[in-house]
Amino acid sequence: MRRCGVRKLTVLAVSAAVVSVGAAAPPAAHPDARPEPARKVPVAVGYGGAVASVDADASAAGIEVLKKGGNAVDAAVATAAALGVTEPYSAGIGGGGYFVYYDARSRTVHTIDGRETAPLSADEDLFTEHGKPLSFDAAVTSGLSVGTPGTPATWQKALDEWGSKRLGTVLKPAERLARDGFTVDDTFRSQTASNETRFRYFPDTAKLFLPGGRLPAVGSTFKNPDLARTYEELARKGVGAVYHGDLGDEIVDTVNHPPVDPGSGWNARPGKLAEKDLAVYRAKLQAPTRTSYRGLNVYSIAPSSSGGTTVGEALNILERTNLSRASETQYLHHYIEASRIAFADRGRWVGDPSFENVPTRGLLSQRFADSRACLIKDDAVLTSPLAPGDPNRPAACGTGGTAAPTTYEGENTTHLTTADRWGNVVSYTLTIEQTGGSGITVPGRGFLLNNELTDFSFTPANPAVHDPNLPGPGKRPRSSISPTIVLDGHNRPVVALGSPGGATIITTVLQTLTGFLDRHLPLVDAIAAPRASQRNAAQTELEPALYDSPLRKQLEAIGHSFKLNPEIGAATGVQRLPDGRWLAAAEKVRRGGGSAMVVRPAP
């Protein structure tokens with residue numbers, strides 16, 4: 001483990017109104033006692049470390065580990081495991097994700113690609129039948145959609161490389177939470193309701209998430225003893241139980257023979273997963289992406305995710321524009337147009353670098369960004385789908401090839417951010433893809449399997465151009481996950497953040513960063529600000545507060561077209577304050593509000 005003393009760091013100031021609020025986890029109870037429900041607070045300030053997630057019980061699990069001497073990595077795994085209990089439709093050991101870590105001693109950033117992989121038997125026709133693509137609904141709720149899970153391997157890799165605690169130790173809070181239960185809220189019930197029909201296709205899923213055949217009542221206690229036993233097994237046997245043991249065999253059998261109710265009439269197509277797919281899986285250590293923005297260093301995840309390259313390119317496009325002095329209309333206009341351009345380039349160039357020649361360096365070059373930025377006019381709007389540029393041969397205001405639309409990605413993922421007393425930071429986004437994943441529960445194991453393979457293009461997005469995101473044997477589907485850590489000129493933390501939301505993750509992270517860095521909003525307000533999301537589509541999505549505001553009319557006068565999206569993303573973040581305190585921030589309202597906690601609150 002790399003420990004280091006707390007240093008006084010120079011970062012952006014935060015308003016006094018924000019730093020006056022603090023929250024921490026309740027005192028640790030007896031290991032067998034039923035914990036009191038933790039209270040959700042969207043911002044907390046103090047010392048000793050911080051955790052921000054969408055769920056109070058999960059944040060409390062991370063704080064518990066920090067209080068017992070764990071570091072940011074230990075706390076991140078503990079929080080993630082707890083989210084597998086309380087956010088089972090968003091994350092869990094049946095899924096994958098991307099882990100970004102700042103090491104305070106060396107002042108360096110490292111990443112883990114824990115993305116799920118296609119079976120070694122998969123090919124470009126994975127989601128076609130009789131020469132035609134499957135419908136999205138048919139593909140999702142099937143064994144075909146399930147990729148080799150990467151989350152358990154990610155946890156172990158992170159702990160091996162940078163943690164200070166054993167896996168069994170950091171799983172204890174989540175194991176206890178699964179056994180004793182958590183309080184059902186409106187979000188959990190509504191997400192269950194939206195999946196009720198397909199959950200009933202699978203008796204094991206219905207038994208777990210529709211207890212007694214009914215939706216769980218708000219205020220009731222939801223227990224998952226099967227998951228508690230699974231966590232206890234992982235604690236004893238390690239993640240080898242997934243990749244080389246009985247648990248892995250059960251996953252393979254479930255994928256290849258989906259336990260569907262014969263009376264449901266649902267055609268749950270079998271998958272193609274094999275024991276060898278699990279045995280050869282690796283969570284990959286890889287270099288982060290890096291972008292310079294306003295004198296700061298912005299680090300994120302490199303392909304197979306498109307998050308780091310697309311957020312980075314958009315920031316580079318905006319670099320030459322003074323967003324701090326722009327009107328709100330001009331700020332949003334430039335942000336929307338930069339997003340449109342970056343998504344056009346993402347769709348053409350980004351895929352799994354083990355299979356595709358991804359020009360990561362070119363996509364992140366200022367020269368390429370400048371060649372694209374000149375497309376943006378103050379009084380006009382670009383037309384989507386916009387054709388991509390060529391980062392290998394940047395041409396001023398140039399586009400190359402034919403435009404391709406952005407393919408759909410499921411929007412229910414979860415993000416957590418942690419920091420510790422030594423100054424280490426983690427930004428970690430994990431997922432099972434859409435709400436409820438594949439809908440298939442491994443019998444007796446208490447967790448849902450992912451549907452990440454539907455993030456592949458079912459057929460070429462543009463038949464005239466090579467699609468880097470078609471399925472392939474052992475290939476990782478392109479993601480939009482964008483866990484981000486920003487450092488100052490001395491490589492010390494300024495802010496770390498991320499969000500769920502499918503392809504809207506990229507725009508949420510970009511808008512939150514520019515709101516914080518350029519518009520000088522306190523972090524919790526940058527997270528709460530109403531969002532716009534443009535992904536190289538004919539219309540830009542707006543949350544209600546923007547859709548119903550005068551800004552919409554002003555942007556429409558320039559030429560923008562909009563459609564309503566009730567909710568975009570659910571971000572969390574941590575910020576290092578100049579006096580050494582941590583500020584943790586989460587959503588105020590989205591997904592029922594998030595949970596920010598610190599070890600020792602301070603005014």
Side-chain angles (χ1 to χ4, degrees), residues 40-43 54-55 87 89-90 185-191 193-195 218 314 323 326-340 343 381 384 406 408-415 434-435 480 482 497-516 518-519 521-573 585-596:
K40 279 191 174 184
V41 179
V43 61
V54 74
D55 180 75
E87 289 275 295
Y89 310 144
S90 302
D185 62 9
D186 289 320
T187 299
F188 186 82
R189 178 182 167 86
S190 66
Q191 289 180 345
S194 68
N195 281 282
V218 173
L323 298 181
S327 68
E328 193 70 15
T329 302
Q330 280 299 309
Y331 159 64
L332 288 170
H333 170 63
H334 280 264
Y335 152 72
I336 289 168
E337 295 295 77
S339 300
R340 188 192 312 272
F343 264 92
V381 172
S384 285
T406 297
Y408 175 77
E409 295 174 37
E411 296 185 354
N412 214 42
T413 297
T414 195
H415 181 81
Q434 75 165 42
T435 310
S480 296
S482 312
L497 55 85
S499 178
T504 69
I505 293 172
I506 290 168
T507 55
T508 294
V509 169
L510 177 63
Q511 188 175 355
T512 306
L513 282 174
T514 54
F516 178 70
D518 291 297
R519 307 299 282 181
L521 295 174
L523 181 58
V524 71
D525 293 339
I527 288 171
R531 293 183 183 135
S533 182
Q534 168 54 242
R535 307 186 298 280
N536 198 23
Q539 292 184 297
T540 299
E541 296 175 9
L542 294 184
E543 287 188 322
L546 280 176
Y547 193 84
D548 298 331
S549 78
L551 285 168
R552 174 188 161 197
K553 297 294 185 183
Q554 294 165 16
L555 288 163
E556 285 175 338
I558 300 174
H560 290 277
S561 177
F562 298 108
K563 66 178 179 179
L564 183 65
N565 185 330
E567 185 175 279
I568 300 174
T572 75
E587 295 288 353
K588 295 179 179 180
V589 176
R590 296 182 185 95
R591 277 170 64 166
S595 172

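Every value quoted in this text rests on a predicted model; they were computed, and no experiment measured them. Heavy-atom basis, side chains included; hydrogens, waters and symmetry copies ignored.
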Got a second to check how far T504's OG1 is from I568's CD1, nearest 0.5 Å? 6.0 Å
Hey, are the side chains of K40 and D185 touching, using non-hydrogen atoms and a 4.5 Å cut-off? yes
Any side-chain heavy-atom pair of R340 and V381 under 4.5 Å: yes
To the nearest 0.5 Å, atom CD1 of I505 lies from atom OG1 of T413 at 5.0 Å
Under a 4.5 Å cut-off applied to non-hydrogen side-chain atoms, are L546 and L555 in contact? no
Would you name the heavy atoms of A538 and S384 that are closest together and state the gap between them? N-CB, 3.9 Å
Donor-acceptor pair between R591 and T187 side chains, under 3.5 angstrom: no
Which heavy atom in Y335 sits nearest to a heavy atom in T507, and how many Å separate them? OH-O, 3.1 Å
Regarding S595 and D55, is there a side-chain donor-to-acceptor distance under 3.5 Å anywhere? no
Separation between CD1 (I527) and CG (L521), nearest 0.5 Å, reads 11.0 Å
Atom of P566, atom of P544 and distance for their closest heavy-atom approach: O-CD, 3.5 Å
With a 4.5 Å limit on heavy-atom distance, are the side chains of E337 and Q534 in contact? no
Check whether any side-chain N or O of R590 sits under 3.5 Å from a backbone N or O of A586 as a donor-acceptor pair, and report yes or no. no
Do V54 and E587 come within less than 4.5 Å of each other through their side chains, counting heavy atoms only? no
Under a plain distance cut-off of 3.5 Å, with no hydrogens placed, do R531 and S533 share a side-chain donor-acceptor pair? no
Any side-chain to backbone donor/acceptor pair from H415 onto G498? Under 3.5 Å, distance only. yes
In short, N195 meets T435 closest at the heavy-atom pair OD1-O, 3.1 Å
Tell me every residue that passes side chain to side chain donor-acceptor pair (under 3.5 Å) with T508, counting only those two or more places apart in sequence or in another chain. none
Rounded to the nearest 0.5 Å, what separation is found between the CD atom of Q539 and the CG atom of L564? 11.0 Å
Is NZ or CZ of R552 both nearer than 6.0 Å to the six-membered ring centre of F562 and within 45° of the ring axis? no
Shortest non-hydrogen contact from A503 toward S480: CA-OG, 3.4 Å
Quick check against the 3.5 Å criterion: does R519 have a side-chain atom that pairs as donor or acceptor with the backbone of L323? yes
Say you draw a straight line from OG of S499 to CD1 of I506; how long is it, rounded to the nearest 0.5 Å? 11.0 Å
Taking side chain to side chain donor-acceptor pair (under 3.5 Å) as the definition, give me every residue that meets it alongside K588, ordered by chain and number, with sequence neighbours left out. D525
Counting distance only, does the side-chain N/O of Y89 pair as donor-acceptor with the main-chain N or O of F188 below 3.5 Å? no
Between atom CD1 of I336 and atom CG of L510, what is the distance when rounded to the nearest 0.5 Å? 11.0 Å
Keeping Q554 on the side-chain end and Q330 on the backbone end, is there a donor-acceptor pair under 3.5 Å? no
Heavy-atom closest pair, residues S482 and V509: O-CG2, 3.7 Å
